[in-house]
Amino acid sequence: MSTELTRSLSTLEQLRRIESSKLFQGAVIAIIILSALTIGANTYTLPPLFSDTLAVLDSAITVFFLVEILFRLGVHPDKKRFLLDGWNLFDTLVVIGSLIPMDNAEVVLLGRLLRVFRVLRLVSVVPELRFLINSLIKAIPRMGYIALLMFIIFYIYAAMGSMFFSSVDETLWGDVAISMLTLFRVATFEDWTDVMYATMESYPLSWLYYLSFIFLTAFVFLNMMIGAILEVMSEEQNAKQAEEAHGERERMTRQLTEIQTELAELTRLVQSRNKG
């Protein structure tokens with residue numbers, strides 16, 4: 001019984017190594033890229049032969065993703081917590097959505113949309129992309145306060161612009177809402193000099209208004225956003241290193257358990273032979 005348990009643990013460990021190997025991950029990435037190319041090809045008008053070939057290829061890709069997600073579930077250390085991981089849940093939902101038959105006219109649009117989302121699986125497969133997305137999501141609360149402060153600055157400048165420049169150009173400075181759109185144009189440097197020169201004809205010092213606004217939005221707030229993201233990325237990197245160290249300890253613990261099981265089995269065999 002112990003020998004069977006040891007073999008089972010050894011086989012499971014080998015399957016886990018296959019699942020985390022670069023070869024397996026590379027194969028999954030290649031299929032995701034092939035799926036993206038298939039989706040793109042379907043947007044063109046193709047001959048019937050090519051359309052049928054792409055349909056067969058799409059079915060094969062769907063089967064591959066289904067087998068892959070079941071394989072990952074099978075080798076996961078704690079199957080009950082598999083779907084508690086956000087990326088595993090996302091992959092599972094995308095794969096299940098891909099199983100929607102495309103010949104049903106009522107759900108054909110939903111099926112195509114979910115097949116487009118299969119391209120996003122590239123993010124969940126590549127650790128570096130997953131790290132960036134996790135960092136960005138966790139940085140959103142901090143960025144929210146910066147965005148709120150930016151909105152306040154936008155609103156103050158828009159109100160001032162509407163007060164002073166509405167007589168110059170009603171289209172650009174007619175009210176606060178339109179002024180905020182104009183300031184967004186200025187912040188993105190989309191022909192902002194034309195807007196500035198138009199107001200400078202009536203208000204020669206209005207360049208101070210634009211330069212101070214650009215300094216705040218394009219330099220100060222942008223750097224604050226970048227700083228918030230970098231801070232979260234640093235925290236995520238430290239957490240990732242701690243998680244990898246914990247995983248390494250768990251792996252060593254499993255190996256020690258396997259060794260102890262094998263030693264116990266050998267001891268039992270030696271004792272049985274000595275008694276014989």
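Everything quoted here is computed from the prediction, not taken from an experiment.
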Item to complete: Could you name each residue pair satisfying ring pair (Phe, Tyr, Trp, His ring centres under 6.0 Å) that touches residues 42-67, not counting sequence neighbours?
Response: none
Worksheet item: Has the side chain of D58 got a donor or acceptor atom that lies under 3.5 Å from a matching backbone atom of L54?
Response: no
With sequence neighbours excluded, tell me which residues meet side-chain hydrogen bond (donor to acceptor under 3.5 Å, both in side chains) with [X].
X: S212; result: Y157
X: S179; result: none
X: E248; result: R251
X: S206; result: T199

Do [X] and [Y] belong together in a cluster built from hydrophobic side chains that touch within less than 4.5 Å?
X: I96; Y: V94; answer: no
X: V56; Y: L49; answer: no
X: L222; Y: L136; answer: yes
X: L230; Y: V232; answer: no
X: Y209; Y: Y197; answer: yes

Does the side chain of [Y] come within less than 4.5 Å of [X]'s, by heavy atoms?
X: Y203; Y: V168; answer: yes
X: L208; Y: F213; answer: no
X: L57; Y: I61; answer: yes
X: R185; Y: L181; answer: no
X: F165; Y: L172; answer: no
X: I178; Y: T171; answer: no

Discussion item. Which label fits Y155 and F151: parallel for a plane angle under 30°, tilted from 30 to 60°, or perpendicular past 60°?
Written reply: tilted
Ignoring hydrogens, what is the shortest heavy-atom contact between [X] and [Y]? Give both atom names and the distance.
X: Y145; Y: P141; result: CD1-O, 3.3 Å
X: T92; Y: N88; result: OG1-O, 2.7 Å
X: Y210; Y: V195; result: OH-O, 3.4 Å

Can you pull out every salt bridge (Lys or Arg N to Asp or Glu O under 4.0 Å) where at least one residue sits in [range]? Sequence neighbours excluded, please.
range: residues 88-99; answer: R72-D91, D91-R121
range: residues 135-157; answer: K138-E236, R142-E231, R142-E235
range: residues 197-216; answer: none

Practice prompt. Name all residues meeting the side chain to side chain contact (heavy atoms under 4.5 Å, CB included) criterion together with D52; count only those two or more places apart in sequence or in a different chain, and write none if there are none.
Written response: none
Worksheet, complete the sentence: The side chain to side chain contact (heavy atoms under 4.5 Å, CB included) partners of M163 (sequence neighbours excluded) come to none
Worksheet item: Does the separation of the ring centres of F154 and F184 fall below 6.0 angstrom?
Response: no
Run the side-chain donor-acceptor check on residues 24-38: report pairs under 3.5 Å with partners two or more places apart or on a different chain.
from : atom 1 : to   : atom 2 : distance (Å)
Q25  : NE2    : E19  : O      : 2.7
S35  : OG     : R118 : NE     : 3.2
S35  : OG     : R118 : NH2    : 3.2
T38  : OG1    : L34  : O      : 2.8

Worksheet item: Quick one: hydrophobic cluster around L263, which other residues, with the 4.5 Å side-chain cut-off, linked directly or via members?
Response: I259
